[in-house]
Amino acid sequence: MANRTKVVELEHVVIRFAGDSGDGMQLTGNLFSDSTALAGNDFATFPDYPGEIRPPQGTVSGVSGFQVHFGHKPVHTTGDLCDVLVAMNPASIKANMRWLKPGTTIIFDIDSLNDKALEKAGYTSDPTQDDTLSQYKLVKAPITSLTLEALKDFGWDRKAMLKSKNMFALGIVMYLFNRDITVLNAYFNNKFKNKPDVIKANQEVVAAGYSYADAMEIFANTYRIEPADLQKGKYRDITGNVAAAWGLMAASERSGRQLFCGSYPITPATDILAELTKYKNLKVKAYQAEDEIAGITSSLGAAFAGCLAVTTTSGPGLSLKSEALGLAVMTELPLVLIDVQRGGPSTGLPTKAEQSDLMQALYGRNGDAPLIVIAARSSADCFYTAYEACKLAMEHMTPVIMLSDGSLGNGSEIFRIPRVADLPAIVPPIAKANDPEYQPYRRNEETLARQWALPGTEGLRHRIGGLEKADGLGNLTTEPKNHERMTYLREEKVNRVANYIAEQEITGDPNADLLVVSWGGTYGVVLSVVEKMIEEGKSVAHAHFRHIMPLPKNTHEVLSGHKKIVVVENNRGQFANYLREKQPDFRYEQYNKVQGLPFLTAELEDKFNDLLK
């Protein structure tokens with residue numbers, strides 16, 4: 001099909017797909033992301049789910065969105081305002097008005113427009129006829145009726161045919177960005193391999209959407225984004241949850257320890273458990289427990305048995321796992337807990353992301369029960385953070401909490417698949433059979449980690465548990481000074497991890513007037529703003545923390561030499577307060593957002609400029 005419009009080269013584009021929960025916007029966005037990966041562009045995605053499980057159809061609260069930011073230069077954020085909005089009904093337009101900028105192209109299913117739909121969306125007049133959309137380029141496409149036309153010979157009922165209307169919209173967008181629609185065939189063939197009529201239907205509807213955009217010349221221009229300059233290797237589109245699961249499996253292979261994951265399904269962490277269930281051929285054991293407590297205690301039992309033990313959850317589940325986490329600290333067994341954070345407290349905002357579990361991760365246990373806390377910075381980085389969490393847990397014989405969040409876990413970006421052999425070695429301190437000097441709590445002089453005595457190993461009979469143990473021998477004791485010493489040793493063991501992690505890096509001038517501090521999922525948006533301001537000649541630097549407990553050894557040095565320090569986080573200031581405790585020599589400004597939404601580059605730039613004044 002010939003493209004008769006002018007092709008315009010762009011640096012980057014933000015496109016948002018929006019419709020009812022049943023309109024398949026997440027699938028549409030994911031398929032477009034796949035085509036973006038195959039086109040060689042760098043990208044990041046942001047799935048925006050409704051806050052309710054079954055919201056009323058056609059209402060603003062029921063709109064589901066999927067945003068893709070892609071370009072031929074490094075993409076660090078999921079984008080601010082849209083260049084293109086695909087809206088499947090009036091509510092989708094109303095729900096996304098705040099994400100539009102003047103000149104945004106809106107591809108709207110005009111067939112969805114009727115009095116009832118307008119009323120449910122909260123409109124008192126037709127937004128396509130009044131001045132509501134006058135700033136935008138509105139494309140009124142009869143998506144519903146043309147989908148029905150494309151499938152009229154399939155003998156399906158109307159409801160079945162309309163399940164494919166998202167593919168018609170995808171065909172239009174594929175045309176707009178000069179994408180090859182045949183790249184979608186692999187998905188259709190795999191997804192519906194036993195349903196050839198469904199494969200053919202989806203292919204025909206995508207082609208119909210593409211042909212409609214071409215034949216009707218609905219766009220003055222089409223667009224092309226050149227491939228990004230990526231390092232040579234094998235790449236794929238990956239979500240943070242899948243990346244975390246792969247990181248766990250890589251650590252299992254590298255360490256020689258069988259992977260066991262005991263978890264209870266919870267939004268937005270469930271996909272890690274679901275991904276692991278696919279790899280029984282790699283001897284992965286994924287156990288769906290009856291509740292959160294059973295999930296972590298089964299994993300702790302697996303750790304005692306010598307497995308790489310993992311449990312996954314979100315904020316409410318972390319609360320329930322706190323007692324067993326204390327047991328893991330007391331027994332000094334390696335355990336990795338991945339917390340994909342969501343809005344809280346309580347049930348809170350299950351489909352929205354926050355960074356509000358930090359204090360719970362650091363201190364949410366009875367007694368002095370320190371453990372390692374690290375945080376992923378991007379969807380792809382979930383792989384490397386999960387891998388490092390496993391390495392630290394096993395080599396230092398202590399629990400590790402890895403913090404992710406809903407935006408990272410559900411969002412995706414391009415990922416270069418590494419060779420497992422190239423990853424850092426993992427060497428657990430496994431006790432040898434018939435070691436005459438073996439004691440359950442005999443420690444390595446440098447790390448203070450005790451040895452891992454696997455059950456059934458000749459000559460290593462031992463006892464561990466939740467009651468306090470005598471230093472070295474591991475006998476039960478309530479002797480006061482022994483408890484104080486063991487408490488000190490468990491804390492010092494975690495503190496000494498600082499000798500085995502990377503020093504804190506800083507982007508920009510180490511003596512810049514303003515130092516921006518971030519952690520977790522705020523990395524990309526903060527880095528984008530800081531890099532832009534540095535190019536403008538402004539005195540700004542950025543320090544993003546992966547390692548939180550313990551902090552890197554050079555943290556004080558990195559924080560020194562700046563007139564102002566601002567801590568940016570999606571909570572009310574938990575990391576800022578933690579820094580006030582651990583690094584009290586500095587004054588910390590805060591910039592916080594607790595809306596279940598990521599920061600926008602524009603609002604960060606405004607804040608940083610105000611601080612520089």
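Only a predicted model underlies this, so the values are computations on that prediction, with no experimental measurement involved.
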Aromatic plane relationship, Phe383 with Phe415 - under 30° parallel, 30 to 60° tilted, over 60° perpendicular: tilted
Test item: Arg254 and Pro424 side chains (from C-beta on) under 4.5 Å apart, heavy atoms: no
Distance from Gln355 atom CD to Ser404 atom OG, nearest 0.5 Å? 10.0 Å
Around Asn499, counting heavy atoms of other residues, nucleotides and ligands shown, do more than 12 lie under 6.0 Å from its CG? yes
Return yes if some donor-acceptor pair links the side-chain N/O of Arg365 with the main-chain N/O of Ala361 below 3.5 Å, else return no. yes
Side-chain contact, heavy-atom cut-off 4.5 Å: Leu337 with Leu371? no
Modelled atom types, side-chain donor and acceptor of Gln583 and Thr555, under 3.5 Å: no
Rounded to the nearest 0.5 Å, how far does OH of Tyr578 lie from CE of Met549? 5.0 Å
For Gly406 versus Pro268, what's the shortest heavy-atom pair and its separation? CA-CG, 3.7 Å
Non-hydrogen atoms of Phe46 and Ser407 that approach each other most closely: CE1-OG, 3.7 Å
Taking it one step at a time, do Leu318 and Leu325 satisfy side chain to side chain contact (heavy atoms under 4.5 Å, CB included)? CA-CA 9 Å; Leu318 180 57; Leu325 268 176; 3.9 Å; yes
Is Asp83 salt-bridged to Lys101, cutoff N-O under 4.0 Å? yes
Heavy-atom donor-acceptor pair, Lys352 side chain to Gln595 backbone, under 3.5 Å: no
Heavy-atom closest pair, residues Met402 and Ala376: CE-CB, 4.2 Å
Using 30° and 60° as the class boundaries, would you call the ring planes of Phe599 and Tyr591 parallel, tilted or perpendicular? tilted
Can a donor-acceptor pair be found, under 3.5 Å and without considering hydrogens, that links the side chain of Ser299 to the backbone of Val310? yes
If I compare all heavy atoms of Ser356 with all of Gln341, which pair ends up nearest, and what's the gap? N-OE1, 3.4 Å
Check: Asn41 side chain, Ile225 main-chain N or O, donor-acceptor pair, under 3.5 Å: yes
Can you check whether Asp339's main-chain N or O pairs, donor with acceptor, with Asp357's side chain at less than 3.5 Å? no
Check whether Asp405 reaches the backbone of Glu354 with its side chain - one donor and one acceptor, N or O, closer than 3.5 Å. no
Side chain of Gln574, backbone of Met359: donor and acceptor closer than 3.5 Å? yes
Taking the side chain as C-beta and beyond, is there a heavy-atom pair between Leu514 and Met533 under 4.5 Å? no
Hey, what do you get for OG1 (Thr398) to CG (Leu448), rounding to the nearest 0.5 Å? 11.0 Å
Would you say that more than 12 heavy atoms from the other residues, nucleotides or ligands in this model lie under 6.0 Å from the CG of Asp606, or not? yes
Within the distance-only criterion (no hydrogens, no angle test), does the side chain of His562 pair as donor or acceptor with the backbone N or O of Ala512 below 3.5 angstrom? yes
How far apart are the closest heavy atoms of Val420 and Ala250, and which atoms are they? CG1-O, 4.0 Å
Go through it in stages, so that I can follow the logic: the residues are Val75 and Phe43, the test is side chain to side chain contact (heavy atoms under 4.5 Å, CB included), and I'd like the CA-CA distance, side-chain angles, deciding distance and then a yes or no. CA-CA 6 Å; Val75 171; Phe43 68 92; 5.5 Å; no
Any side-chain heavy atom of Ile296 sitting closer than 4.5 Å to one from Leu335? yes
For Lys538, does the NZ atom sit with more than 12 other heavy atoms under 6.0 Å from it, leaving out its own atoms? yes
Verify, without hydrogens or angle tests, whether Glu413 (side chain) and Ala380 (backbone) share a donor-acceptor contact under 3.5 angstrom. yes
Can you give me every donor-acceptor pair (side chain of residues 259-267, partner residue at least two apart or in another chain, under 3.5 Å) with its distance?
{"from": "Ser263", "atom 1": "OG", "to": "Thr312", "atom 2": "N", "distance (Å)": "2.9"}
{"from": "Ser263", "atom 1": "OG", "to": "Thr312", "atom 2": "OG1", "distance (Å)": "2.7"}

Distance, nearest 0.5 Å, that separates NE2 of His547 from CD1 of Ile501: 4.5 Å
Considering residues, nucleotides and ligands other than Glu505, do more than 12 of their heavy atoms fall under 6.0 Å from its CD? no
Under 3.5 Å side-chain donor-acceptor pair for Ser379 and Ser412: no
Compute whether any side-chain donor of one residue and acceptor of the other, for Ser64 and Gln26, lie under 3.5 angstrom apart. yes
Side-chain contact, heavy-atom cut-off 4.5 Å: Asp42 with Tyr235? no
In terms of heavy-atom contacts, Ala375 and Ile548 come closest through CB-CD1, 4.1 Å
Non-hydrogen side-chain atoms of Arg416 and Leu230 separated by less than 4.5 Å: no
Indicate whether any N or O donor in one side chain lies under 3.5 Å from an N or O acceptor in the other, for Gln360 and Ser319. yes
Phe575/Phe545 aromatic ring centres below 6.0 Å: yes
State the NE2-OG1 distance between His76 and Thr601, to the nearest 0.5 angstrom. 12.5 Å
Under the criterion side chain to side chain contact (heavy atoms under 4.5 Å, CB included), I'd like the reasoning laid out for Leu308 against Met394: C-alpha separation, chi angles, the key distance, then a yes or no. CA-CA 8 Å; Leu308 167 52; Met394 287 189 283; 3.9 Å; yes
Minimum side-chain heavy-atom gap Ser560-Phe586 below 4.5 Å: yes
Do the charged groups of Glu589 and Lys564 touch, with an N to O distance under 4.0 Å? no
State, with a plain yes or no, whether a side-chain heavy atom of Val373 is found less than 4.5 Å away from one of Leu403. yes
Roughly how far, to the nearest 0.5 Å, is CG of Asn554 from CG of Leu559? 9.0 Å
Are more than 12 heavy atoms from other residues, nucleotides or ligands located less than 6.0 Å from atom CD of Glu581? yes
Check this for me: does any side-chain nitrogen of one of Lys613 and Asp610 sit under 4.0 Å from a carboxylate oxygen of the other? yes
Tell me, with the steps shown, if Phe32 and Phe70 meet ring pair (Phe, Tyr, Trp, His ring centres under 6.0 Å). CA-CA 11 Å; Phe32 186 77; Phe70 59 104; 5.5 Å; yes
Under a 3.5 Å threshold, yes or no: a donor from one side chain and an acceptor from the other, between Thr78 and His69? no
For Asn241 and Glu275, run side chain to side chain contact (heavy atoms under 4.5 Å, CB included): C-alpha distance rounded to whole Å, both residues' side-chain angles, the deciding distance at 0.1 Å, then the answer. CA-CA 8 Å; Asn241 283 338; Glu275 181 68 13; over 6 Å; no
Should Lys607 and Glu603 count as an ion pair when the cut-off is N to O under 4.0 Å? no
Is the backbone of Thr36 close enough, under 3.5 Å, to the side chain of Asp237 for a donor and an acceptor to pair up by distance? no
Is there a donor in the side chain of Lys321 and an acceptor in the side chain of Thr311, or the other way round, less than 3.5 Å apart? yes
